[in-house]
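See below for the structure under consideration.
Just follow the structure's listing: the first ligand is 1, and inside any ligand the first atom is 1. Please read these numbers as outputs of a predicted model, since none were measured by experiment. Side chains are part of it too, since the values below use all heavy atoms of this structure and drop only hydrogens, waters and symmetry mates.
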Amino acid sequence: MRKKLFLSSLAIVLITLILSMIAVSLVIKRQFSDYLVKTTEATIQQFPERLSTIYSYKGFWDPVSLSELSHYLPMDTQMTIKDSSGNVITSLTNPMGMMHGGMGNMGNMMGMNMEYSVNQWKTKTYEIPSPKGVLGSATFEYPAGAQTLNPQDISFVSAVVNSLILAGALALLIGALLSYWTSRHLVTPLQHLTQAAYRIGHGHLNERVQISTKDEVGQLALAFDSMADSLEQQERHRKQFTADIAHELRTPLTSMRSYIEAFQDGVLPANQENLTALNEEIDRLVNLASDLKDLNVAEMGALSLNLQKVDLNSLLDKIIRNLSPLILEKGLNLNRLYAEQHHFIYGDERLLTRLFYNLIHNAYKYTEGNGTISVEMTYASTECVNIKISDTGIGIPESDLALIFERFYRTDKSRTRETGGTGIGLALVRQIVALHHGSIQVESQIGKGTMFTVQLPVNSDYDTNQISHKLNMDKIR
Ligand code: ADP
């Protein structure tokens, strides 16, 4: 690419140079030719007067004086003098013209192809005046176009041509240097980008280009670096997730194996109580698998909504009822802050249950004994309903607020299974809210508590294209 850029810039400089030389050459040829013809005409106009003077002085046509006068004739101009009866007295040309060998053809001047050959002639006849009447006539035949140049003219034209050639050579040199610099300047960062992309493709996700220019290449580098940042972050989350999953799977499986070994060895009786405990471990595994499957399907944008009219009051009541034993057991208070008037929305009941279950269950998980959990529901407008789930629990650090909806994100990486899950719950919550064309916000203060506000449209136009678009946008974010 560098070679192509360099060669194309060079070609542009060369073409410009050649065209400008041709243009200048044409202008010089025409203007100069016109100028010379006019000069010739101005010169020959003075001849009748001079001839008259020569004749009056000598009283006849003195050949010596005429020969002297012929030196003043323009090059390639022939003057024929006739008497008043029309008899030719003499015909003269500039002897210098003869010496130059009739420099009617300047030839190819410095490659500019300035042809000064004469192929068209003009004739002008003037009367030769005298005090006694007309002495005769002088007829001038001179080149109509270009004509022989005198030495000053030649040196003028050569000077112009030489400066043109010098300017052209300089332009070529500067153009070559500039095009070399530009191509280097453009191509080097692109080469860095290619190398970085190659290294990232081979797993070196910490590779960055760090090009600080403000042009398009700089912007490309910026976009590349931010893409690499997000790849690296995703890779970190993926690794963290794999570790979490391994942990989540191993713990219940180890526990189940211990139960079964204890049953086999007769250390524990396979009674109702022990079988229930074993069953809880199995439930935990089943829930984890179903969480992962739902999240995966939702993120692929393929989760098909089973739409129906949903009574949010009943839905929340059911969740609260299911979680009440746990909440009471932990010594938490629960405020149910919504009127008896029922709130309906159009949505998927199973997913909405999952959404609010995850939020209320989190409130329960992250709130210590004596704390309070509140579930509030109000109409934000005739078109939207707001559901706020707040707690007086441990709170979330401000720096983590933007990240908790990411898959597998957990604020406390070292917490125990009793207080935390896999970090999938809120990612699923976000996807479900998006599928219902709603929004979710979180406010929190460390040690004081957290409040999640979910806003859902009462009636939504469930255009599947829009949903998958929205999900894709979420994934990009
Ligand atoms: P997890 O299964 O780990 O709870 P979630 O996706 O539900 O995963 O939540 C992500 C993280 O957000 C949690 O690990 C927790 O640190 C934080 N979080 C969520 N809800 C609350 C809350 N009500 N109070 C404090 N922290 C919370």
Side-chain angles (χ1 to χ4, degrees), residues 233-234 236-252 283-296 298-299 316 319-320 323 326-327 330 332-335 337 351-376 387-435 440-454 474-475 477:
Q233 198 185 41
Q234 280 182 22
R236 256 201 313 273
H237 285 166
R238 195 184 62 74
K239 283 186 180 150
Q240 178 70 46
F241 172 66
T242 314
D244 286 346
I245 290 288
H247 176 75
E248 290 298 317
L249 288 175
R250 199 173 50 237
T251 319
D283 278 351
R284 194 187 288 273
L285 280 177
V286 172
N287 286 341
L288 176 65
S290 117
D291 263 6
L292 284 172
K293 181 176 160 276
D294 278 354
L295 179 66
N296 186 257
E299 284 188 342
L316 289 173
I319 298 169
I320 290 170
L323 286 173
L326 290 175
I327 292 171
K330 205 171 173 184
L332 298 170
N333 309 306
L334 195 135
N335 290 337
L337 302 170
L351 290 180
L352 289 170
T353 306
R354 193 58 169 279
L355 156 63
F356 293 113
Y357 179 89
N358 282 2
L359 290 178
I360 299 172
H361 194 253
N362 272 356
Y364 150 77
K365 272 197 296 190
Y366 301 109
T367 306
E368 299 304 323
N370 273 336
T372 303
I373 299 172
S374 306
V375 181
E376 190 185 340
I387 302 105
K388 291 186 180 177
I389 288 139
S390 51
D391 61 59
T392 56
I394 57 170
I396 303 169
E398 206 178 330
S399 55
D400 286 345
L401 282 179
L403 301 167
I404 53 170
F405 293 102
E406 296 295 329
R407 283 171 293 165
F408 325 126
Y409 194 84
R410 306 185 312 185
T411 48
D412 177 7
K413 315 278 181 302
S414 63
R415 64 172 179 235
T416 60
R417 269 177 61 223
E418 282 65 39
T419 57
T422 54
I424 295 170
L426 286 182
L428 192 54
V429 163
R430 185 175 71 168
Q431 296 298 331
I432 298 172
V433 170
L435 280 168
I440 182 162
Q441 261 127 36
V442 56
E443 293 160 50
S444 189
Q445 261 189 306
I446 285 285
K448 293 214 165 152
T450 305
M451 179 164 77
F452 285 91
T453 307
V454 178
D474 282 346
K475 259 188 274 170
R477 261 187 275 130

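Annotation for ligand 1: atoms under 4.0 Å from non-hydrogen atoms of Ile424 are 6 (O), 8 (O). Each of the atoms 5 (P), 6 (O), 7 (O) of ligand 1 lies under 4.0 Å from some heavy atom of Gly425.
Proximity of Ile319 to Thr353: side-chain heavy atoms (C-beta onward) are separated by under 4.5 Å at one or more points. For the pair Val429 and Ile440, the minimum side-chain heavy-atom distance is below 4.5 Å.
Below 30°, between 30° and 60°, or above 60°: for Tyr357 and His361 the angle between ring planes is below 30°, a parallel geometry.
By the criterion of a heavy-atom distance under 4.0 Å, both the backbone and the side chain of Leu426 are placed next to ligand 1. The proximity of Leu359 to ligand 1, defined as any non-hydrogen pair under 4.0 Å, does not occur for either the backbone or the side chain.
Residue contact check for ligand 1: Lys365 places a non-hydrogen atom closer than 4.0 Å to it. Using 4.0 Å as the threshold, Gly395 has a heavy atom nearer than that to some atom of ligand 1. A heavy-atom separation below 4.0 Å is not found between Asn358 and ligand 1.
What you find for Leu401 and Ser444 is that their closest heavy atoms are CD2-CB, 4.0 Å. Summarising the geometry of Ile446 relative to Pro397, their closest heavy-atom pair is CD1-N, 3.4 Å, with the distance given to 0.1 Å.
Put simply, the side chain of Lys330 gets close to the backbone of Lys365: a donor and an acceptor are under 3.5 Å apart.
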